[in-house]
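Because the structure is a prediction, the values reported are computed rather than measured. Heads up: numbering here begins at 1 and tracks the sequence.
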Amino acid sequence: EYEGDRNSEGQRHGFGKALLPNGDTYEGHYEHGLRSGAGTYRFKNGALYTGNYLQNKKHGKGVFFYPDGSKYAGDWENDQRQGYGEYLYANEDTYTGEWANNKRHGQGTYVYKDTGSKYVGCWVNGIQDGPAELIHLNYRFKGRFLNGKPLGRGKFIFDIGCEQHGEYIQPVQEKGEEDEEEPPLPLEPMWKASEITKLTPWSPHCEELQASKETTDPEASSEALNPASDAEGESEERREEEVNQGQEDEGKK
């Protein structure tokens with residue numbers, strides 16, 4: 001059913017209201033029979049999008065409310081989250097930053113509601129990857145991430161006014177005879193400390209230059225810290241579920 005403006009050819013053109021065969025509704029602007037311009041689309045499953053359209057696809061600025069209570073507000077392109085936007089997840093975690101093809105991609109900040117920790121840095125196809133800072137209540141870690149885990153050189157910075165330099169290394173799992181037919185499970189990166197210093201400026205490049213100058217501190221090297229595991233491990237699976245849920249909901253229009 002449709003109620004609204006039409007052009008000389010009988011196409012929906014201008015402002016109108018429509019009830020779709022699947023039970024969804026749309027109220028907004030049309031151009032030559034297609035949703036174009038500002039409008040509000042209500043999904044039968046409870047989802048709602050209000051924002052800009054271009055030829056029946058979400059395009060430009062818009063807000064999408066998902067049935068599980070999550071919300072995305074930001075840029076859209078060709079029906080996908082693309083550009084800059086903020087996602088409030090059902091568990092009240094938030095991500096603010098860049099998007100590409102419906103995934104977190106580029107620079108962005110993810111805040112974990114339960115712990116108050118936040119990841120500030122690079123993302124690749126929805127995964128933490130590249131230079132970043134993981135900030136906790138009274139200390140933080142600066143370094144590089146690969147496939148969602150810290151790896152390589154970095155440092156912990158403590159609020160008491162000191163920092164611990166070192167690197168995350170990937171342990172090698174020994175393969176027994178009984179495991180020859182099955183690939184070994186990946187092990188968590190382990191922190192290997194090298195020295196404790198006063199607060200210093202930091203960048204990934206600086207750490208690489210300092211690598212050859214550092215002397216090993218046996219006592220510090222015995223410590224193993226993993227700041228990412230507590231927040232990241234619990235949230236990774238549900239973040240993927242939220243993204244998948246969002247894509248499924250969008251496909252039902």
Side-chain angles (χ1 to χ4, degrees), residues 70-74 81 84-100 103-170 188-211 214 217 220-221 223-243:
S70 57
K71 180 183 76 170
Y72 171 79
R81 297 186 289 273
Y84 187 89
E86 179 176 353
Y87 202 120
L88 170 64
Y89 294 88
N91 62 3
E92 298 188 12
D93 288 357
T94 60
Y95 171 79
T96 305
E98 297 175 308
W99 296 80
K103 296 181 179 180
R104 301 179 291 272
H105 189 87
Q107 290 289 325
T109 298
Y110 192 102
V111 179
Y112 301 90
K113 172 65 175 179
D114 290 345
T115 64
S117 300
K118 62 181 178 180
Y119 172 95
V120 183
C122 293
W123 299 77
V124 177
N125 293 324
I127 300 175
Q128 299 168 351
D129 199 306
E133 184 174 8
L134 189 61
I135 304 172
H136 297 290
L137 182 61
N138 54 7
Y139 72 97
R140 50 201 165 107
F141 170 76
K142 284 188 175 183
R144 290 183 178 274
F145 283 70
L146 179 66
N147 293 325
K149 302 291 183 181
L151 193 65
R153 301 198 59 77
K155 69 178 181 179
F156 286 94
I157 305 169
F158 299 94
D159 288 354
I160 59 176
C162 67
E163 57 191 31
Q164 183 185 79
H165 298 254
E167 64 179 325
Y168 272 99
I169 59 175
Q170 183 65 58
E188 290 291 321
M190 300 294 294
W191 174 249
K192 182 180 180 181
S194 58
E195 66 174 352
I196 296 177
T197 68
K198 296 181 180 180
L199 299 180
T200 61
W202 181 92
S203 73
H205 181 63
C206 290
E207 285 292 342
E208 291 170 2
L209 292 178
Q210 292 175 1
E214 293 182 347
D217 182 343
S221 298
E223 300 183 24
L225 302 175
N226 193 337
S229 61
D230 54 350
E232 192 63 22
E234 295 178 358
S235 300
E236 183 66 24
E237 181 176 354
R238 63 189 176 196
R239 289 210 310 274
E240 291 303 319
E241 290 175 356
E242 294 299 329
V243 173

Q) Do Arg104 and Trp99 touch side chain to side chain, with heavy atoms closer than 4.5 Å? A)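 Side chain of Arg104 against side chain of Trp99, heavy atoms only: contact under 4.5 Å found.
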
Q. Would you find a donor on one side and an acceptor on the other, under 3.5 Å apart, between the side chain of His136 and the backbone of Ser117?
A.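 No: the side chain of His136 does not pair with the backbone of Ser117.
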
Q.
So does Lys113 get a backbone contact from the side chain of Asp93, meaning a donor-acceptor N/O pair under 3.5 Å?
A.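 Side chain of Asp93 to backbone of Lys113: a pair is present.
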
Q. How are the rings of Phe141 and Phe156 set to each other: parallel, tilted or perpendicular (split at 30° and 60°)?
A.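 Ring orientation of Phe141 relative to Phe156: tilted.
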
Can you name the nearest heavy-atom pair linking [X] to [Y], along with the distance?
X      : Y      : result
Glu98  : Tyr84  : N-CD1, 4.3 Å
His105 : Asn125 : ND1-N, 3.0 Å
Ala132 : Gly121 : CB-CA, 3.8 Å
Ala90  : Ser70  : N-CB, 3.7 Å
Ile127 : Gly148 : CG2-N, 3.2 Å

Q) Does any pair with a residue in residues 122-138 pass salt bridge (charged side-chain N to carboxylate O under 4.0 Å, His left out), and if so which ones, sequence neighbours excluded? A) Glu133-Arg140

What's the separation between atom [atom1] in [X] and atom [atom2] in [Y], rounded to the nearest 0.5 Å?
X      : Y      : atom1 : atom2 : answer
Leu134 : Lys118 : CG    : NZ    : 11.0 Å
Glu163 : Tyr139 : CD    : OH    : 15.5 Å
Leu146 : Gln128 : CG    : CD    : 11.5 Å
Arg153 : Ile169 : CZ    : CD1   : 11.5 Å

Q: For Gln170, check side-chain contact (heavy atoms from CB on, under 4.5 Å) against everything at least two apart and list the hits.
A: Leu151, Leu187, Pro189

Q. Listed by chain and number, what are the side-chain contact (heavy atoms from CB on, under 4.5 Å) partners of Leu137, not counting sequence neighbours?
A. none

Q.
The criterion is salt bridge (Lys or Arg N to Asp or Glu O under 4.0 Å); which residues satisfy it with Glu167, sequence neighbours excluded?
A. none

(Q) Holding to salt bridge (Lys or Arg N to Asp or Glu O under 4.0 Å), I want the full list of residues that pass it with Lys71, two or more places apart in sequence or in another chain. (A) none

Q) When Phe145 is tested against each of Tyr119, Tyr110, Trp123, Tyr168 for ring pair (Phe, Tyr, Trp, His ring centres under 6.0 Å), which residue passes? A)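 The option that passes is Tyr119.
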
**Q.** Lys NZ or Arg CZ of Arg81 over Tyr72 ring: under 6.0 Å, within 45°
**A.** yes

Q: Please name all residues satisfying side chain to side chain donor-acceptor pair (under 3.5 Å) with Gln107, sequence neighbours left out, ordered by chain then number.
A: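 Side chain to side chain donor-acceptor pair (under 3.5 Å) check on Gln107 returns nothing, list empty.
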
Q.
Is it the case that the side chains of Lys155 and Thr200 hold a donor-acceptor pair, with the cut-off being a distance below 3.5 Å and no angle test?
A. yes

